[in-house]
Amino acid sequence: MSSAERAAASLALALTLAGCAIQLDDGATAADGDDNVTTLPSCAVLAAGDVVGVRGRLRVLPAPGGGELVVADALQRRATAPLKLDDAVYVAVPQDSGEACGEPLASDAGAAVPGLDLSALSTDDGGFLATFTADGAVYAFVETSSGFTALGTGLARWDAARGVFVAGPRYLFAAGRPSYGEAALTHDGFVYAYGCASAGFLRDDCYVARAPLDALDDPTAWTYYRDGDAFESDPDDAWPLFSGGRGLAARRLADGRVLVAYATPLGDTVFVRTGLGPAGPWSPAVAVTRCALPIGAFCGAMSFVPALDGAAGEPALTYAIASFDGLAPADLLTRLVRLPLP
(Lines give C-alpha, C1' and ligand atoms only; values in the text may rest on other atoms or scores of the structure.)
Protein backbone atom coordinates (compact mmCIF):
# COMPACT_ATOMS: atom_id res chain seq x y z
CA MET A 1 0.00 0.00 0.00
CA SER A 2 1.44 3.37 -0.98
CA SER A 3 1.86 6.32 1.41
CA ALA A 4 -0.96 8.18 -0.35
CA GLU A 5 -3.27 5.18 -0.03
CA ARG A 6 -2.43 4.79 3.66
CA ALA A 7 -3.10 8.49 4.23
CA ALA A 8 -6.49 8.34 2.52
CA ALA A 9 -7.47 5.22 4.46
CA SER A 10 -6.38 6.75 7.78
CA LEU A 11 -8.29 9.95 7.06
CA ALA A 12 -11.46 8.07 6.17
CA LEU A 13 -11.20 6.02 9.37
CA ALA A 14 -10.55 9.14 11.46
CA LEU A 15 -13.63 10.85 10.05
CA THR A 16 -15.70 7.77 10.88
CA LEU A 17 -14.45 7.65 14.46
CA ALA A 18 -14.43 11.40 15.15
CA GLY A 19 -15.56 12.30 18.65
CA CYS A 20 -16.47 15.44 20.60
CA ALA A 21 -14.76 18.69 19.68
CA ILE A 22 -12.33 20.48 21.99
CA GLN A 23 -12.91 24.23 21.98
CA LEU A 24 -9.60 26.10 21.78
CA ASP A 25 -8.91 29.78 22.26
CA ASP A 26 -9.49 30.99 18.72
CA GLY A 27 -12.12 28.46 17.64
CA ALA A 28 -10.59 28.00 14.17
CA THR A 29 -12.45 25.40 12.09
CA ALA A 30 -12.47 24.15 8.53
CA ALA A 31 -15.12 26.74 7.71
CA ASP A 32 -12.99 29.67 8.82
CA GLY A 33 -11.20 30.13 5.49
CA ASP A 34 -11.55 33.61 4.03
CA ASP A 35 -13.53 33.47 0.78
CA ASN A 36 -11.29 36.26 -0.52
CA VAL A 37 -8.06 34.27 -0.15
CA THR A 38 -6.27 34.12 -3.48
CA THR A 39 -4.44 31.17 -4.99
CA LEU A 40 -0.74 32.01 -5.04
CA PRO A 41 1.34 30.82 -8.02
CA SER A 42 2.51 27.23 -7.63
CA CYS A 43 4.23 24.58 -9.70
CA ALA A 44 4.96 20.86 -9.79
CA VAL A 45 8.17 20.54 -7.76
CA LEU A 46 11.27 18.75 -9.12
CA ALA A 47 9.76 18.44 -12.61
CA ALA A 48 12.81 17.94 -14.83
CA GLY A 49 14.32 15.27 -17.02
CA ASP A 50 12.69 11.89 -16.43
CA VAL A 51 10.95 13.14 -13.27
CA VAL A 52 7.43 14.47 -13.86
CA GLY A 53 7.17 15.51 -10.22
CA VAL A 54 6.66 14.32 -6.66
CA ARG A 55 3.67 12.70 -5.02
CA GLY A 56 3.12 13.11 -1.28
CA ARG A 57 5.63 14.93 0.90
CA LEU A 58 8.97 16.27 -0.24
CA ARG A 59 11.81 16.90 2.21
CA VAL A 60 15.21 18.43 1.40
CA LEU A 61 17.97 18.92 3.95
CA PRO A 62 21.77 19.18 3.92
CA ALA A 63 23.43 15.81 3.40
CA PRO A 64 26.43 14.86 5.56
CA GLY A 65 29.46 15.26 3.34
CA GLY A 66 27.84 17.85 1.08
CA GLY A 67 24.93 18.22 -1.29
CA GLU A 68 21.23 18.04 -0.54
CA LEU A 69 19.50 14.92 0.71
CA VAL A 70 16.16 14.63 -1.11
CA VAL A 71 13.48 12.46 0.51
CA ALA A 72 10.17 12.03 -1.31
CA ASP A 73 7.14 9.89 -0.60
CA ALA A 74 7.18 9.06 -4.31
CA LEU A 75 8.86 10.21 -7.51
CA GLN A 76 6.56 10.16 -10.53
CA ARG A 77 8.69 9.29 -13.54
CA ARG A 78 8.01 9.85 -17.19
CA ALA A 79 9.06 6.74 -19.05
CA THR A 80 10.68 4.13 -16.84
CA ALA A 81 8.80 1.16 -15.42
CA PRO A 82 7.39 1.23 -12.84
CA LEU A 83 6.50 4.89 -13.23
CA LYS A 84 6.36 5.65 -9.49
CA LEU A 85 9.21 5.09 -7.04
CA ASP A 86 8.01 5.01 -3.42
CA ASP A 87 10.08 6.22 -0.43
CA ALA A 88 12.60 7.71 -2.85
CA VAL A 89 15.93 8.97 -1.49
CA TYR A 90 18.96 10.43 -3.25
CA VAL A 91 21.72 13.01 -2.76
CA ALA A 92 21.60 15.95 -5.17
CA VAL A 93 24.50 18.26 -5.96
CA PRO A 94 22.71 21.19 -7.63
CA GLN A 95 24.79 23.52 -9.76
CA ASP A 96 22.11 26.22 -9.75
CA SER A 97 19.60 26.85 -6.97
CA GLY A 98 17.69 29.62 -8.71
CA GLU A 99 15.14 27.58 -10.67
CA ALA A 100 11.53 28.20 -9.70
CA CYS A 101 10.61 24.67 -8.66
CA GLY A 102 13.94 23.11 -7.78
CA GLU A 103 14.80 21.61 -11.15
CA PRO A 104 18.51 21.41 -10.22
CA LEU A 105 17.56 19.14 -7.32
CA ALA A 106 16.00 16.76 -9.85
CA SER A 107 19.22 16.47 -11.84
CA ASP A 108 20.45 13.57 -9.69
CA ALA A 109 17.09 11.82 -9.34
CA GLY A 110 18.22 8.99 -11.61
CA ALA A 111 20.18 7.70 -8.62
CA ALA A 112 17.10 7.58 -6.39
CA VAL A 113 16.40 4.32 -4.57
CA PRO A 114 13.70 3.13 -2.15
CA GLY A 115 15.56 4.48 0.85
CA LEU A 116 13.85 3.04 3.93
CA ASP A 117 14.86 -0.11 5.82
CA LEU A 118 12.17 -1.10 8.33
CA SER A 119 13.44 -4.62 9.01
CA ALA A 120 14.26 -3.85 12.66
CA LEU A 121 10.55 -3.17 13.19
CA SER A 122 9.66 -6.51 11.54
CA THR A 123 7.72 -4.93 8.69
CA ASP A 124 8.28 -3.50 5.24
CA ASP A 125 5.00 -1.56 5.13
CA GLY A 126 5.66 2.04 6.13
CA GLY A 127 6.78 5.47 5.05
CA PHE A 128 8.60 8.64 5.97
CA LEU A 129 7.24 11.42 8.16
CA ALA A 130 9.48 14.42 9.01
CA THR A 131 13.25 14.51 8.62
CA PHE A 132 15.68 16.52 10.75
CA THR A 133 19.37 16.86 11.63
CA ALA A 134 20.83 16.58 15.13
CA ASP A 135 24.48 16.45 16.24
CA GLY A 136 25.66 15.92 12.67
CA ALA A 137 23.33 12.99 12.00
CA VAL A 138 20.18 12.89 9.85
CA TYR A 139 17.00 11.26 11.13
CA ALA A 140 13.51 10.52 9.87
CA PHE A 141 10.39 9.68 11.79
CA VAL A 142 8.74 6.69 10.14
CA GLU A 143 5.22 5.33 10.40
CA THR A 144 4.41 1.67 9.87
CA SER A 145 1.27 -0.32 9.25
CA SER A 146 -0.05 -3.76 8.48
CA GLY A 147 -2.62 -3.37 5.74
CA PHE A 148 -5.08 -0.77 7.01
CA THR A 149 -3.92 -1.18 10.63
CA ALA A 150 -1.43 1.42 11.91
CA LEU A 151 1.34 -0.06 14.06
CA GLY A 152 3.21 2.99 15.36
CA THR A 153 5.91 5.59 14.74
CA GLY A 154 9.62 4.91 15.04
CA LEU A 155 12.89 6.66 14.27
CA ALA A 156 15.30 5.90 11.42
CA ARG A 157 18.85 7.18 10.93
CA TRP A 158 20.51 7.97 7.60
CA ASP A 159 23.21 5.44 6.68
CA ALA A 160 25.29 7.24 4.07
CA ALA A 161 27.28 4.12 3.19
CA ARG A 162 24.12 2.23 2.24
CA GLY A 163 22.18 5.25 1.01
CA VAL A 164 19.10 4.43 3.10
CA PHE A 165 17.42 5.37 6.36
CA VAL A 166 17.59 2.47 8.84
CA ALA A 167 14.87 2.23 11.47
CA GLY A 168 15.67 1.42 15.08
CA PRO A 169 14.03 -1.55 16.82
CA ARG A 170 11.57 0.34 19.03
CA TYR A 171 8.42 2.34 18.48
CA LEU A 172 8.36 5.80 20.04
CA PHE A 173 4.65 6.54 19.64
CA ALA A 174 1.84 4.01 19.61
CA ALA A 175 -0.90 3.89 17.03
CA GLY A 176 -4.00 5.82 18.08
CA ARG A 177 -1.99 8.75 19.47
CA PRO A 178 -1.64 12.10 17.72
CA SER A 179 0.46 11.79 14.58
CA TYR A 180 3.70 12.78 16.35
CA GLY A 181 6.60 13.08 13.93
CA GLU A 182 4.74 14.69 11.02
CA ALA A 183 6.84 17.81 11.67
CA ALA A 184 10.01 18.20 13.71
CA LEU A 185 12.29 20.92 15.09
CA THR A 186 15.49 20.91 17.14
CA HIS A 187 15.84 23.53 19.88
CA ASP A 188 18.04 23.91 22.99
CA GLY A 189 19.07 20.26 23.17
CA PHE A 190 15.66 18.77 22.36
CA VAL A 191 13.83 17.47 19.32
CA TYR A 192 10.19 18.55 19.15
CA ALA A 193 7.81 16.24 17.26
CA TYR A 194 4.45 17.66 16.18
CA GLY A 195 1.31 15.72 15.35
CA CYS A 196 -2.46 16.09 15.24
CA ALA A 197 -5.53 14.02 16.07
CA SER A 198 -9.23 14.21 15.30
CA ALA A 199 -11.22 16.45 17.63
CA GLY A 200 -14.58 16.25 15.90
CA PHE A 201 -16.07 16.37 12.44
CA LEU A 202 -13.55 17.94 10.02
CA ARG A 203 -11.52 19.22 12.98
CA ASP A 204 -8.05 18.32 14.22
CA ASP A 205 -6.14 19.45 17.28
CA CYS A 206 -2.33 19.54 17.17
CA TYR A 207 0.15 18.50 19.88
CA VAL A 208 3.90 18.36 20.47
CA ALA A 209 6.23 15.93 22.23
CA ARG A 210 9.94 16.32 22.89
CA ALA A 211 13.01 14.30 23.87
CA PRO A 212 16.64 15.19 24.60
CA LEU A 213 19.08 14.74 21.72
CA ASP A 214 20.98 12.01 23.58
CA ALA A 215 17.89 9.82 24.05
CA LEU A 216 15.85 10.19 20.87
CA ASP A 217 15.39 6.44 20.41
CA ASP A 218 14.19 5.84 23.99
CA PRO A 219 10.37 5.86 24.18
CA THR A 220 10.49 6.67 27.90
CA ALA A 221 12.53 9.85 27.25
CA TRP A 222 9.70 11.48 25.31
CA THR A 223 7.47 13.89 27.19
CA TYR A 224 4.30 15.65 26.11
CA TYR A 225 3.24 19.28 26.19
CA ARG A 226 0.96 20.02 29.13
CA ASP A 227 0.86 23.79 29.68
CA GLY A 228 3.18 26.79 29.56
CA ASP A 229 6.70 25.36 29.71
CA ALA A 230 5.57 22.06 31.25
CA PHE A 231 6.02 18.67 29.58
CA GLU A 232 4.81 15.49 31.27
CA SER A 233 5.66 11.81 30.75
CA ASP A 234 2.06 10.57 30.40
CA PRO A 235 0.82 10.95 26.81
CA ASP A 236 -2.76 10.84 28.08
CA ASP A 237 -2.14 14.16 29.85
CA ALA A 238 -1.07 15.97 26.66
CA TRP A 239 -2.78 19.26 25.91
CA PRO A 240 -3.30 20.54 22.35
CA LEU A 241 -1.32 23.51 21.12
CA PHE A 242 -3.88 24.76 18.62
CA SER A 243 -6.61 23.68 16.23
CA GLY A 244 -5.00 22.67 12.95
CA GLY A 245 -4.71 19.70 10.63
CA ARG A 246 -2.77 16.49 10.15
CA GLY A 247 -0.02 16.75 7.59
CA LEU A 248 1.26 19.96 9.16
CA ALA A 249 4.73 21.39 8.57
CA ALA A 250 6.99 23.40 10.89
CA ARG A 251 10.19 25.43 10.53
CA ARG A 252 12.24 28.18 12.12
CA LEU A 253 12.15 31.72 10.76
CA ALA A 254 15.18 34.00 10.65
CA ASP A 255 13.93 35.94 13.69
CA GLY A 256 13.65 32.78 15.81
CA ARG A 257 9.88 32.34 15.62
CA VAL A 258 8.38 29.00 14.64
CA LEU A 259 6.14 28.89 11.57
CA VAL A 260 3.59 26.10 11.12
CA ALA A 261 1.41 25.46 8.07
CA TYR A 262 -1.48 23.07 7.59
CA ALA A 263 -4.80 22.47 5.89
CA THR A 264 -7.86 21.49 7.89
CA PRO A 265 -9.30 18.01 7.17
CA LEU A 266 -10.45 17.68 3.54
CA GLY A 267 -9.60 21.38 3.14
CA ASP A 268 -8.39 23.45 0.18
CA THR A 269 -6.67 26.31 2.03
CA VAL A 270 -3.21 26.69 3.59
CA PHE A 271 -3.30 28.20 7.09
CA VAL A 272 -0.25 29.43 9.01
CA ARG A 273 0.47 30.29 12.62
CA THR A 274 3.62 31.59 14.29
CA GLY A 275 4.89 30.69 17.73
CA LEU A 276 7.43 32.41 19.95
CA GLY A 277 8.97 28.99 20.60
CA PRO A 278 8.42 25.33 19.72
CA ALA A 279 5.51 25.16 22.19
CA GLY A 280 4.18 28.66 21.52
CA PRO A 281 2.40 30.82 22.48
CA TRP A 282 0.79 30.84 19.03
CA SER A 283 -0.78 33.46 16.82
CA PRO A 284 -4.30 33.01 15.43
CA ALA A 285 -4.59 31.06 12.20
CA VAL A 286 -4.23 33.05 8.98
CA ALA A 287 -5.33 31.73 5.58
CA VAL A 288 -2.53 32.53 3.11
CA THR A 289 -3.42 30.71 -0.11
CA ARG A 290 -5.83 28.31 -1.71
CA CYS A 291 -4.33 25.07 -2.93
CA ALA A 292 -4.32 24.57 -6.70
CA LEU A 293 -6.58 21.53 -6.90
CA PRO A 294 -8.58 19.48 -9.37
CA ILE A 295 -12.33 19.37 -8.72
CA GLY A 296 -13.16 17.22 -5.71
CA ALA A 297 -9.58 17.08 -4.37
CA PHE A 298 -8.08 18.37 -1.11
CA CYS A 299 -4.57 19.25 0.05
CA GLY A 300 -2.35 18.27 2.97
CA ALA A 301 0.92 16.42 3.77
CA MET A 302 2.87 19.68 3.81
CA SER A 303 6.58 20.28 4.14
CA PHE A 304 8.77 23.37 4.27
CA VAL A 305 11.75 23.23 1.91
CA PRO A 306 14.22 25.99 2.91
CA ALA A 307 16.54 25.05 0.02
CA LEU A 308 13.84 26.38 -2.33
CA ASP A 309 12.96 29.60 -0.49
CA GLY A 310 12.31 32.72 -2.57
CA ALA A 311 14.98 35.31 -3.31
CA ALA A 312 13.63 37.57 -0.54
CA GLY A 313 13.37 34.69 1.94
CA GLU A 314 9.74 33.76 1.24
CA PRO A 315 9.22 30.31 2.85
CA ALA A 316 8.89 27.53 0.27
CA LEU A 317 6.09 25.11 1.14
CA THR A 318 5.07 21.96 -0.68
CA TYR A 319 1.63 20.39 -0.34
CA ALA A 320 0.32 17.06 -1.52
CA ILE A 321 -2.96 16.52 -3.37
CA ALA A 322 -5.40 13.71 -2.62
CA SER A 323 -8.93 12.72 -3.53
CA PHE A 324 -11.40 9.95 -2.81
CA ASP A 325 -12.07 9.85 -6.56
CA GLY A 326 -9.71 8.49 -9.16
CA LEU A 327 -7.34 11.15 -10.51
CA ALA A 328 -4.80 11.05 -13.27
CA PRO A 329 -1.16 10.92 -12.05
CA ALA A 330 -0.60 14.47 -13.32
CA ASP A 331 -3.40 15.74 -11.07
CA LEU A 332 -1.75 14.21 -7.98
CA LEU A 333 1.60 15.94 -8.31
CA THR A 334 2.80 17.80 -5.24
CA ARG A 335 2.85 21.59 -5.64
CA LEU A 336 5.38 24.15 -4.42
CA VAL A 337 4.28 27.63 -3.33
CA ARG A 338 6.25 30.45 -1.75
CA LEU A 339 4.39 32.06 1.11
CA PRO A 340 4.49 35.74 2.09
CA LEU A 341 6.77 36.38 5.04
CA PRO A 342 4.68 36.54 8.23
Side-chain angles (χ1 to χ4, degrees), residues 1-12 14-15 30 39-47 51-60 70-77 83-89 101-102 105-106 116 126-131 140-143 145 179 181-184 194-196 204 206 244-251 260-272 288-305 308 315-339:
M1 181 182 296
S2 71
S3 297
E5 291 167 336
R6 287 193 299 270
S10 298
L11 179 55
L15 291 175
T39 302
L40 295 175
S42 65
C43 48
V45 66
L46 266 62
V51 178
V52 179
V54 173
R55 289 168 62 174
R57 275 196 179 95
L58 171 70
R59 313 142 188 94
V60 180
V70 180
V71 182
D73 285 351
L75 289 179
Q76 184 72 43
R77 297 177 293 189
L83 293 177
K84 183 166 69 72
L85 177 65
D86 291 326
D87 300 323
V89 175
C101 278
L105 291 175
L116 182 55
F128 291 107
L129 293 175
T131 57
F141 288 107
V142 293
E143 59 178 355
S145 60
S179 55
E182 286 203 280
Y194 298 86
C196 306
D204 286 347
C206 298
R246 276 162 288 185
L248 81 166
R251 67 172 289 177
V260 296
Y262 57 86
T264 51
L266 303 185
D268 66 352
T269 302
V270 177
F271 292 88
V272 299
V288 291
T289 183
R290 299 281 187 193
C291 298
L293 299 172
I295 295 174
F298 50 93
C299 57
M302 297 181 181
S303 183
F304 285 111
V305 186
L308 301 179
L317 178 77
T318 62
Y319 59 81
I321 296 173
S323 173
F324 294 118
D325 301 321
L327 293 177
D331 290 332
L332 291 168
L333 294 180
T334 296
R335 310 289 295 181
L336 180 143
V337 60
R338 290 185 175 89
L339 305 180

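Atoms considered below: every heavy atom in the structure, side chains included; atoms not considered: hydrogens, waters and symmetry mates.
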So do the side chains of [X] and [Y] get within less than 4.5 Å of each other, counting heavy atoms only?
X      : Y      : answer
Leu293 : Cys299 : yes
Val70  : Leu58  : yes
Val71  : Arg57  : no
Val337 : Val270 : no
Arg55  : Pro329 : yes

Is there a donor-acceptor contact under 3.5 Å from the side chain of [X] to the main chain of [Y]?
X      : Y      : answer
Thr289 : Leu40  : yes
Thr334 : Gly56  : yes
Thr318 : Leu336 : no
Tyr319 : Thr269 : no
Arg59  : Phe128 : yes
Glu182 : Gly247 : yes
Asp268 : Arg290 : no

Open item on the list: Would you call the rings of Tyr262 and Phe271 parallel, tilted or perpendicular, taking 30° and 60° as the class edges?
Closed with: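 Correct class here is parallel.
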Search all heavy atoms of [X] against all heavy atoms of [Y] and return the closest pair with its distance.
X      : Y      : value
Val272 : Ala261 : CG1-CB, 4.0 Å
Cys101 : Val45  : O-CG2, 3.5 Å
Arg335 : Ser42  : NH2-O, 3.0 Å
Gly245 : Cys196 : O-SG, 3.4 Å
Ala130 : Ala184 : CB-N, 3.8 Å
Val52  : Ala44  : O-CB, 4.4 Å

Open item on the list: Test of understanding: with side chain to side chain contact (heavy atoms under 4.5 Å, CB included), list the residues that count as partners of Ala249, not counting sequence neighbours.
Closed with: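 Partners of Ala249 by the side chain to side chain contact (heavy atoms under 4.5 Å, CB included) criterion, ordered by chain and then number, come out as Met302, Phe304, Leu317.
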Between atom [atom1] of [X] and atom [atom2] of [Y], what is the distance when rounded to the nearest 0.5 Å?
X      : Y      : atom1 : atom2 : answer
Leu75  : Leu46  : CG    : CG    : 7.0 Å
Asp204 : Thr264 : CG    : OG1   : 8.5 Å
Cys206 : Leu248 : SG    : CG    : 5.0 Å
Leu333 : Gln76  : CG    : CD    : 6.5 Å

